Student: 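Below is a structure I'd like to ask you about.
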Amino acid sequence: MKRKLITLLIILVCFLLESSVFHRLSFASVKPNLLIVVTSSFGFMRGKKEGMFVGFSAGLLADLFWGNALGFNMLLYAVIGYMNGSFKRMFYDDDVKLPIVLIGASELVYGLSTYACVYMLQGDFAFFSYLFGIILPELVYTILVTLILYQIILHINKKLEAEEQRSASKFV
Amino acid sequence: MIANNGSNWFATFTIDKGTLDGVKVDSNVLAGSGLVGIVTEVGPNYAQVRSIIDDASNVSAMMLSTSDTCMVRGDLELMSDGRLHFEKLPNNDNVVEPGEQVVTSHVSSRFLQGLFIGYVSDIDVDANNLTRSGYITPAVDFSKLQEVLVITTTKREMTGGEDAGEGE
């Protein structure tokens with residue numbers, strides 16, 4: 001129960017930060033995508049199911065407030081969370097390369113899918129200008145933010161796991 | 001304005017007034033002296049506004065001095081420059097120069113007439129020789145929006161719904 005509340009709180013905080021603070025901190029008018037970082041982190045730290053639920057809630061928030069069609073972001077983030085969850089076995093606490101690679105890949109998939117569904121299907125084929133203008137700058141900025149945000153999420157996860165281990169051992 | 005869009009692909013924002021304050025869908029939104037956008041969704045205490053620089057936004061506009069109509073569209077590629085693209089301006093004898101003021105036209109079904117959009121910065125004749133197109137520098141700085149003004153009377157109310165049968 002406590003884990004669910006804390007997870008929801010992290011998603012909410014990142015969502016609020018993205019809506020307000022990061023608009024001012026935008027670099028070349030590009031903002032980082034914190035919800036992708038949160039979804040991917042929970043995905044490969046906790047597995048497929050939890051990654052999927054985190055992705056679903058993050059995407060739901062994004063769709064309700066920012067998107068046009070309800071369900072587009074929801075589906076995309078849920079799938080990204082699920083895919084990241086399949087990397088759980090390769091994940092070790094002190095490794096920082098795998099998280100960055102996974103988060104970068106997730107961000108790229110998000111950018112390409114958004115372009116493909118929202119712009120390409122409407123006949124807007126200026127792919128390279130969007131690639132260099134939006135997708136790549138967002139990727140770089142998100143990876144920079146990951147270095148900080150991921151450590152915070154990892155720290156919170158470790159503390160929660162330690163508490164759960166302690167309460168599990170009490171039942172013996 | 002209480003929240004921006006967190007995604008880089010859209011330019012919408014949320015304001016803290018809603019149906020309880022008289023805001024309706026299709027209410028025009030201004031800031032300073034220029035047009036900012038139009039309300040797309042509204043709840044009791046909030047409303048979502050789509051800026052005119054958003055890729056999905058189209059505004060029917062006209063040149064102030066000649067009253068020639070054109071379409072002002074937001075474009076994702078120009079969003080970071082803060083510019084707008086306009087097209088379908090008739091290629092007639094009326095001279096339109098950079099610096100010309102662009103306002104919303106009287107034939108728009110969603111925007112009230114005469115709202116200031118921006119200044120023409122570039123203009124070219126299209127390959128078909130029938131229309132002209134170019135770029136507009138908007139009057140409003142979209143990266144620094146804080147407070148906006150919402151006109152609660154929608155165009156449909158002002159025209160009394162009589163124009164509903166005429167062409168879009």
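In what follows, chains carry the letters A, B, and so on, assigned in the order in which the sequence lines appear, proteins first and then strands, with residues in each chain numbered from 1. Bear in mind that the values here come from a model prediction, so they are computed numbers and not experimental data.
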Student: Taking the side chain from B/Q48 and the backbone from A/F65, do they hold a donor-acceptor pair closer than 3.5 Å?
Tutor: yes
Student: Tell me, for A/L34 versus chain B, whether the close heavy atoms (under 4.5 Å) come from the side chain, the backbone, both or neither.
Tutor: neither
Student: Of the backbone (N, CA, C, O) and the side chain (C-beta and beyond), which part of B/T12 lies under 4.5 Å from a heavy atom of chain A, both, or neither?
Tutor: side chain
Student: State plainly whether one hydrophobic cluster holds both A/V140 and A/V145, where clusters connect Ile, Leu, Val, Met, Phe, Trp and Tyr through side-chain heavy atoms under 4.5 angstrom apart.
Tutor: no
Student: Is it possible for you to say whether B/L149 and B/L112 belong to one hydrophobic cluster, with membership spreading through side-chain heavy-atom contacts below 4.5 Å?
Tutor: yes
Student: Tell me whether B/K24 at atom NZ has more than 12 heavy atoms from other residues, nucleotides or ligands lying less than 6.0 Å away.
Tutor: yes
Student: Going only through I, L, V, M, F, W and Y residues with side-chain contacts under 4.5 Å, is there a path from A/I153 to A/I103?
Tutor: yes
Student: If I measure from the heavy atoms of chain B, does A/F22 come under 4.5 Å with its side chain, its backbone, both, or neither?
Tutor: neither
Student: Tell me whether A/F44 shares a hydrophobic cluster with A/I148, the cluster being built from Ile, Leu, Val, Met, Phe, Trp, Tyr side chains joined at under 4.5 Å.
Tutor: yes
Student: Backbone N or O of A/K31 within a donor-acceptor pair of the B/N8 side chain at under 3.5 Å?
Tutor: yes
Student: Between atom NE2 of A/H23 and atom CE of B/M1, what is the distance when rounded to the nearest 0.5 Å?
Tutor: 5.5 Å
Student: Checking heavy atoms, do the side chain of A/Y119, its backbone, both or neither come under 4.5 Å from chain B?
Tutor: side chain
Student: With the side chain counted from C-beta on, respond yes when B/W9 and A/I134 share a heavy-atom pair under 4.5 Å apart, and no when they do not.
Tutor: yes
Student: Under 6.0 Å from the OH atom of A/Y82, do we count more than 12 heavy atoms belonging to anything else shown?
Tutor: no
Student: Are more than 12 heavy atoms from other residues, nucleotides or ligands located less than 6.0 Å from atom OH of B/Y119?
Tutor: no
Student: Short question: side chain of B/N5, backbone of A/W66 - any donor-acceptor pair under 3.5 Å?
Tutor: yes
Student: So does A/Y115 have more than 12 non-hydrogen atoms from other groups sitting under 6.0 Å from OH?
Tutor: yes
Student: Please list, in residue-number order, every residue in residues 51-71 of chain B that has a heavy atom less than 4.5 Å from any heavy atom of chain A; write 'none' if there are none.
Tutor: B/D55
Student: Kindly work out whether a path of hydrophobic side-chain contacts (I/L/V/M/F/W/Y, heavy atoms less than 4.5 Å apart) joins B/Y46 to A/L60.
Tutor: no
